[in-house]
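Side chains are part of it too, since the values below use all heavy atoms of this structure and drop only hydrogens, waters and symmetry mates.
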Amino acid sequence: MSLFFIFLLLISTNILTFFFSSTSYSSSCSPLHLSTTTSIPSIDVDLPSEFLSFTSGQLLPFGYNPNFDSDTIYPPVGHTCTLFPDDLRRYMSYQVNGSCPDDELLAQKLLLRGCEPLPRRRCRPAAPPHYAQPHPLPTSLWSIPSDSSVVWTSYTCKNYSCLIDRKKTQKGFDDCKDCFDLDGRERTRWTATGATRGSLDFTIDEVLATREPGTIRIGLDIGGGVATFAVRMMERNITIVTTSMNLNGPFNNFIAARGVVPLYISISQRLPFFDNTLDIVHSMHVLSNWIPTTLLHFLVFDVYRVLRPGGLFWVDHFFSVEEQLENVYAPLIRSVGFNELKWVVGRKLDRGAELREVYLSALLEKPLNNS
């Protein structure tokens, strides 16, 4: 029954494939492993042939598979991809078996607008011309990688020195503007030394002390910047996967160079973990009032889903207007069913007291006996 349920989930994420025309695929491989497409209805949209090649249903080489309860597999792709046919055509236009276009910005724009997951491509992505190997562990955890480990064409800065200095030299907003400076605020985040805002700043050791030693082992950091949270946890023998976008900076490259695992998904994507598996989920700033309320509600329920019973959801500096927190966000979070271990509200004053903005830091527990 569980495998059949997984199959239904896969199909539900790919409903658009029922609208695409079929394409054929030829191969020089043995006939036993030929991939055959199924015939499906088409829609009046001029979609790239490579996109149709990927999304069309593929007959399984050995026929019906009881695990799938089908003889066909439908590759997953975000259902909104077809809403942006011009950008999709640009993204899927390349020479098969050749080099991919240098189009990171285009790919990320599609992804953020809901074309997630992006369709696979049959081309090789650009790589740095003189790639430098990463620093070895544990040196890599607090070292700046080589500039030659990144393809810089998509970013305003063209080296790490520029990224480190931009908090001093660049006006306007950039995501996590001071994150790349590992000798700055990153050095003291989530430590007793870095707890400068009073009770809003929970420390990692304070949070871990709420569980039996050794029972927090694996988890997720949503929108984790340059993964300093994951690094701090790694120093305590805890494995954290960090989701991050590359918003005007090579965040995913930087995270990987530090020696922890990046996950390139947006906040709209269903978390790619099975139910009741993670010990802790953390998010700082990202889960806040810029997210549409219904989407946020789905997201918090998804966090609940992936946490094991007794697992922790650490809401770190969620920000909103005070009235929003009282009337919208606090009821929303509480409706999901967590136990509240900590719930602290404090003023957010960086943009002026007249805006009446507040932070919420909370430590929530998934109940042991509650579905």
Side-chain angles (χ1 to χ4, degrees), residues 84 86-88 90-95 98-113 115-116 118 121 123-189 221-231 241-267 284-286 290 350:
F84 313 104
D86 292 339
D87 286 340
L88 183 62
R90 289 171 55 203
Y91 179 71
M92 296 302 293
S93 296
Y94 55 87
Q95 182 179 349
S99 297
C100 297
D102 187 356
D103 57 0
E104 180 185 333
L105 286 178
L106 172 64
Q108 184 164 262
K109 182 170 69 171
L110 278 167
L111 190 149
L112 287 172
R113 289 189 296 177
C115 184
E116 184 178 29
L118 289 167
R121 299 196 290 189
C123 57
R124 291 177 288 276
H130 305 290
Y131 180 78
Q133 295 294 322
H135 299 294
L137 285 167
T139 303
S140 63
L141 297 176
W142 293 100
S143 298
I144 303 299
S146 168
D147 291 337
S148 62
S149 63
V150 174
V151 177
W152 293 94
T153 51
S154 298
Y155 313 119
T156 302
C157 282
K158 304 304 180 185
N159 53 60
Y160 281 118
S161 294
C162 172
L163 288 171
I164 292 169
D165 291 339
R166 70 179 179 177
K167 68 180 184 296
K168 304 173 186 175
T169 60
Q170 183 177 316
K171 295 180 180 179
F173 174 80
D174 249 321
D175 188 55
C176 207
K177 186 182 287 187
D178 61 348
C179 285
F180 291 93
D181 183 5
L182 297 184
D183 291 323
R185 285 199 305 166
E186 292 298 300
R187 181 65 68 170
T188 57
R189 288 192 192 276
D221 189 15
I222 300 174
V226 295
T228 294
F229 181 81
V231 168
V241 174
T242 302
T243 76
S244 189
M245 302 304 296
N246 289 338
L247 299 178
N248 205 13
F251 286 88
N252 282 267
N253 300 83
F254 194 85
I255 291 169
R258 294 185 78 178
V260 288
V261 180
L263 188 61
Y264 187 59
I265 63 171
S266 76
I267 53 92
M284 184 174 186
H285 293 310
V286 173
W290 71 273
D350 58 317

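With contacts defined as side-chain heavy-atom distances shorter than 4.5 Å, the pair Glu104/Val151 does not qualify. Put simply, the side chain of Leu247 reaches to within 4.5 Å of the side chain of Leu112, judged on heavy atoms. Using a 4.5 Å heavy-atom cutoff, the side chains of Pro101 and Tyr94 are in contact. No side-chain heavy atom of Asp147 sits less than 4.5 Å from a side-chain heavy atom of Lys158. Put simply, the side chain of Leu182 reaches to within 4.5 Å of the side chain of Arg258, judged on heavy atoms. Using a 4.5 Å heavy-atom cutoff, the side chains of Cys179 and Phe254 are not in contact. Inter-residue side-chain proximity for Phe229 and Val260 is flagged as unmet; no heavy-atom pair is nearer than 4.5 Å. By the 4.5 Å heavy-atom criterion applied to side chains, Pro250 and Tyr155 are counted as neighbours.
The heavy-atom pair separating Ala257 from Pro145 by the smallest distance is CB-CG, 3.4 Å. Annotation for Gly223 and Val286: closest pair O-CG2, 3.4 Å, computed over non-hydrogen atoms. Taking every heavy atom of both residues into account, Lys177 and Lys167 meet most closely at CD-CA, 3.5 Å. When all heavy atoms of Tyr91 and Arg121 are compared, the pair lying nearest together is O-NH1, 2.6 Å. A pairwise comparison of heavy atoms in Ile265 and Met245 identifies O-SD, 3.5 Å as the closest pair.
Looking at Ile164, Leu163, Asn159 one by one, the single match for side chain to side chain contact (heavy atoms under 4.5 Å, CB included) with Ser161 turns out to be Asn159. Here the rule is salt bridge (charged side-chain N to carboxylate O under 4.0 Å, His left out) with Asp178, and of Arg185, Arg187, Arg166 only Arg185 fits it.
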CA sep, side-chain torsions, deciding dist, call: Arg90, Asp103, salt bridge (Lys or Arg N to Asp or Glu O under 4.0 Å) | CA-CA 9 Å; Arg90 289 171 55 203; Asp103 57 0; over 6 Å; no
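Of the possible polar contacts, none joining the Ser149 side chain to the Tyr131 backbone as a donor-acceptor pair under 3.5 Å is found. Between the side chain of Arg124 and the backbone N or O of Ser99 there is no donor-acceptor pair closer than 3.5 Å. Panel note: side chain Asn246, backbone Asn252; a donor-acceptor pair is recorded below 3.5 Å. The closest donor-acceptor contact from the side chain of Thr139 to the backbone of His135 lies at 3.5 Å or more, if one exists at all. A donor-acceptor contact shorter than 3.5 Å links the side chain of Asn248 to the backbone of Thr156. Between the side chain of Trp142 and the backbone N or O of Pro138 there is no donor-acceptor pair closer than 3.5 Å.
The structure places CG of Leu137 at 5.5 Å from CG of Leu141, a figure rounded to the nearest 0.5 Å. With rounding to the nearest 0.5 angstrom, the CZ atom of Arg113 is 4.5 Å from the CZ atom of Phe84. Distance check, rounded to the nearest 0.5 Å: CD1 of Ile267 to CD of Glu116 gives 9.0 Å. The OG1 atom of Thr188 sits 11.0 Å away from the CG atom of Asp183 when rounded to the nearest 0.5 Å. Considering CG of Leu263 and CG of Asp221, their distance stands at 11.5 Å, rounded to 0.5 Å. Atoms CE and SG, on Met92 and Cys100 in that order, are 9.5 Å from each other to the nearest 0.5 Å.
Thr242 and Ser244 form no side-chain donor-acceptor contact under 3.5 Å, judged by distance and modelled atom types alone.
Note: Tyr160 and Phe180 have tilted aromatic rings, judged against thresholds of 30 and 60 degrees for the angle between ring planes.
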